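Bear in mind that the values here come from a model prediction, so they are computed numbers and not experimental data.
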Amino acid sequence: MNKLFTKDTQAIFWNNNKTAIQRMLDYDYVIQRETPSVAAIVAPTSNNKFEKFFYGPDEVMIPVYKSTPEAAEKHKNADVLLNFGSFRTAYDVTMQALDLKQFRVIMITAEGIPERMARVMNHRARTEGVTIIGPATVGAIAPGAFKVANIGGTIDNIVKSKLHRPGSCGLVTRSGGLFNELSNIISLNADGISEGVAIGGDRYVGSVFIDHLLRMEKNPDVKYMILLGEVGGTEEYKVIDAIKEGKITKPVIAWCIGTIAKHFSSGVQFGHAGASANAERETAAAKNAAMREAGIYVPNSFNDLPATINEVYTKLKKDGVIGEIEEPVVPTIPKNRRPKNFICTISDDRGEEATYAGFPISSVATPDTGKSIGDVISLLWFKKQYPKWATEFIETVMKTVADHGPAVSGAHNAKVTARAGKSVVESLVTGLLTIGPRFGGAIDGAAKYFKYADDNKLTPAEFLNYMKKQGIPIPGIGHRIKSLRNPDKRVEGLKKFAAEFFPATPLLDYALEVEQLTTSKKDNLILNVDGTIGILMVDMWRALGYTEEEINEFIESGTLNAFFIAGRTIGFIGHILDEKRLAMPMYRHPWDDILYDVQEAEEIK
Amino acid sequence: MAQRAIREYDGKALFAKHWNKYFDGFHYDFKSVLVTSGDELREKAKEHGFEWLNQEPLVAKPDMLFGKRGKNDLVLFRVNKPGDVTLEDAAKWIDEKSSHDVTLLSGQTGRLTHFIVEPFTPHTQEQEYYISATTVGEDDVLYLSAEGGMEVEENWDKVNEVHIPIDLSDSDIEKVIKANIPADIPADKQEEFGAFAFAFYKFYRDLNFAYLEINPIVMLDNNKMAILDLVARLDDTAGFLMADKWGDIEFPTPFGMEEKSPEEKAIAEADAKSGASLKLTILNPMGRIWTMVAGGGASVVYADTIADLAGVKDLANYGEYSGGPTTAETEFYADTIFDLMTRHKDPRGKILIIGGAIANFTDVAKTFTGIINSFKKYADKLKENKTKIYVRRGGPNYEKGLKDIEEAAKQLGLYIEVYGPETHVTDIVRIAIEADKEGEK
């Protein structure tokens, strides 16, 4: 590729540097990119799944991951890594990123990475054809396409310096601070830049002037190049050689800063770590003279640089090499943007009619729409339109779990509270509060453990052994009275439905194998209704195309429990209304049902 | 953060500390002391473990990061004949050499303050070898020669250069080193020297040296090695990895460099405490042109331009404040500069350049508030010194920054000219100097 970045380039940003990322998104908005330039953020210590940023007046969410491999896996098209790790971590982050073979460009901002580590890192990247920008850099920019982090400064300055649309200059500097200044000078004296890179101030940087100039030579949008070098090193001589060998033919303007250094014998470090001359030919004056001799446009001093740029640009324009640029309309970013306190991704009540995941309520509510509660759940819980067999399954589950008599702890609680004269909602809540690991939790547990066993290819015997080691009875297995010979009709119904309508039921098939083993030990160790629901939910999601990871998240976040909560609410309300109708008095538990074993408290001296 | 020289004594101490790990099969008797006076040496000789100072003939020489001590006649190894230097001779010599300024052949002048004292090692010219390692371009380079000693530079054609690419495996490194042992090393010493050179390279690499030279290294009988002279630079960016291996190592100011002034030290201390970057070097305290420049690159081009247009002797200081310093940090930095620049009056007046490129993220108005606070304190002194102030800056919030600083200066009766990004970054230097020349006419 003869361009560093295009308008489709996406980056993974290592470290949640909110200001820098916001600046990238502001830039994206100004140049009207279709996708954000930051595909994902890697923040090893963050527990957030995403971070909010402004995109123009609106907000967007950028996903956050704990590791680079995870982010890269999820964002295959992101081929740029912006490594904002500190000098302690930047090396490891880069080496790990190189392992992934996904990144074409890695930018490293840290200053002061140990030199030997920088050399190892740079060498490896070069061998593998990866362009490293930095270390110790503010980055690079392809105006109108992609901007790295803070380069170019504020959005106001970017527009003033014409960094929001491509010009015709290829710019390479060492210093990041002067990069902005050069962009400004080029916008004032020419038509802006096509691509610009600050290679970084450390002694050992990954890519050097010549790497970028050779690429720019091949990039038809670049009409001439500007190089701003520094005292120290011999990188400028490689450019001179390339010109002499005819590898660079476009006009080059260059200047090495640090001519002051010749006045001071040693000890004063002018500028960056890389900036000290070890020999006469590394001095700024020697390099400037050599470049001038090679036919590069070299002004008499830095202060004359603008005039030289103007001269070259005017000539190229007169010769027809550079044409006119049509200035794009710049969308303005609102001055006062307030981050939203809440995010809603499921429904919207702002329009003519409120919607469920984009569907007006009226389009799913009445019988003629053909939509059921299962459809509403699929829209509001999963933001998807599930197929008929799945919505009907959801509805079957809801109906199946709606009630299980007054004796279970939740119903009992609801009844006691109702009899204490409390309202429907108060009574309902006391019932719901019992739902958890012991009451209703088998749905979650069954899904979790059976899936674990299936994922890890445990044979039923190994699974039983595993659960024994964990010291947990297998959730979803066992019934008080039902057995193989006296099966639970609810389970039969669910299994029949699944056999008829599910595309496949691999986890249920596995669970039934387990059941064969458990019932061989004890007749009532059957797959019960909770287990069947949990397991079939997993089979449903698998058939709907969710990844194993997404399904694990459903289980972790308690989505399965939610089916139980929603379904059983119907039953609890029934019990509460029943109590209200019956007007039973306040309940008091009889003494003779309590074992009193109270001893006098010992005194502790 | 850069490559920094350490004392010969500290270099040898590093060898001694890690000798057994790297130089298995070789012996090194680390007998060196670092002293600053004859009395300190005499006291040292009374300590347990340093009896050799009284028992053996000694060698004394300054240990202050400069080379060619032999050619500068700064190595004491003889009074009447080589190897007859006693403790008392060395102590007196140290006191004499440190009693007056010394000018080296290279032109550096300064006072000798640190001396290394060691036993005199009798040996023959044939036993002297040369070994050094550094980085050239992308590779490490090991330099090996059978001809060690003072004349190694004159005999550079006899030095074998062994290029070691950064990704070479240890076994390949060993091969390439052993294949490049100088032919003029005696046959019976070839293998021993090869083994030592390979160990030396690994020591240099693992301890993050940027440069390491022993000249001469003396190979005595029974694999005994004597490090007669050593020059070393460490890559101090590796400091966080090397805390245990280096220990608490000192990076002294090179000989001939003036010790830092209190003001420079204060700025360096503030820099160390801050996330921002504050740097100050005083070049000429009597200089007329003082700079307060934001940004590393910009500070260089301002210095360049002042030297080009006004001449280097008028340039008083070099430095930078950057990386988003707080208002208080900027105020402290400005206080320091304004204090320094108003100490010596000059009939032609003073020029103060408050410069900077277009900032990436530093809030210009915020940092300028710090400068304005300092103006309030030093306005009278700046006026007494006939100071003309030229400002140029861009970046976040620069319009407000420029407006604030202009208004504040004018209220205080200071002469000020203010420019933004539409003016070329260093053009205020030209404007200031042209006005200055105009004024002199």
Result of checking B:Thr237, B:Asp206, B:Asp140, B:Thr135 against A:Arg116 for side-chain hydrogen bond (donor to acceptor under 3.5 Å, both in side chains):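 Only one of B:Thr237, B:Asp206, B:Asp140, B:Thr135 forms a side-chain hydrogen bond (donor to acceptor under 3.5 Å, both in side chains) with A:Arg116, namely B:Asp140.
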
Between A:Ser301 and B:Asp308: side-chain donor-acceptor atoms closer than 3.5 Å: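 Absent: no donor and acceptor within the cut-off.
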
Distance-only side-chain donor-acceptor flag, A:Asn303 / B:Thr305, under 3.5 Å: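 The answer is no; no qualifying pair exists.
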
A:Tyr204 side chain near B:Glu138 side chain, heavy-atom distance below 4.5 Å: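 With C-beta onward as the side chain, the pair stays apart.
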
4.5 Å side-chain heavy-atom contact, B:Asp167 and A:Arg124: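 B:Asp167 vs A:Arg124: side chains apart.
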
Intermediate values then yes/no, side chain to side chain contact (heavy atoms under 4.5 Å, CB included), B:Ile358 and A:Lys160: CA-CA 11 Å; B:Ile358 299 165; A:Lys160 266 186 205 156; over 6 Å; no

Listed partners of B:Tyr390 passing ring-ring contact (aromatic ring centres under 6.0 Å, His included), at least two apart: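 Expected list: none.
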
Which atom of A:Thr154 lies closest to which atom of B:Pro396, heavy atoms considered: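 Where A:Thr154 meets B:Pro396 most closely, the heavy atoms are CG2-CG, 3.3 Å.
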
CD1-NE2 distance between A:Ile185 and B:His424, expressed to the nearest 0.5 angstrom: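 Interatomic distance, A:Ile185 CD1 to B:His424 NE2, rounded to 0.5 Å: 4.5 Å.
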
From CG (A:Asp156) to CD (B:Glu399), nearest 0.5 Å: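 These two atoms lie 7.0 Å from each other.
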
Is it the backbone or the side chain of [X] that comes under 4.5 Å from a heavy atom of chain B, or both, or neither?
X: A:Val138; result: side chain
X: A:Arg88; result: both
X: A:Leu228; result: neither
X: A:Ile257; result: both
X: A:Ile113; result: backbone

Taking side chain as everything from C-beta outward and backbone as N, CA, C, O, which of these in [X] sits under 4.5 Å from a heavy atom of chain A? Side chain, backbone, both or neither.
X: B:Asp304; value: both
X: B:Ile306; value: neither
X: B:Val425; value: both
X: B:Asp139; value: backbone

Under 3.5 Å: donor-acceptor pair, side chain of A:Glu115, backbone of B:Asp235: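 Between the backbone of B:Asp235 and the side chain of A:Glu115 there is no qualifying donor-acceptor contact (under 3.5 Å).
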
A:Asn157 side chain vs B:Gly394 backbone, donor-acceptor pair below 3.5 Å: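 No; judged by distance alone, with no hydrogens or angles, the pair does not exist.
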
Note: B:Arg392-A:Glu181 ion pair, threshold 4.0 Å (strictly below):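 Answer for the salt bridge query: yes.
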
Most chain B-contacting option - heavy-atom pairs closer than 4.5 Å, from A:Pro306, A:Ala118, A:Ser161: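 So the answer, after comparing A:Pro306, A:Ala118, A:Ser161, is A:Pro306.
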
Evaluation steps, side chain to side chain contact (heavy atoms under 4.5 Å, CB included), between A:Ile260 and B:Leu315: CA-CA 10 Å; A:Ile260 179 81; B:Leu315 178 59; 3.6 Å; yes

Chain A interface, residue from B:Val301, B:Thr362, B:Leu309 that has the most non-hydrogen pairs under 4.5 Å: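 Looking at each option in turn, the highest pair count goes to B:Val301.
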
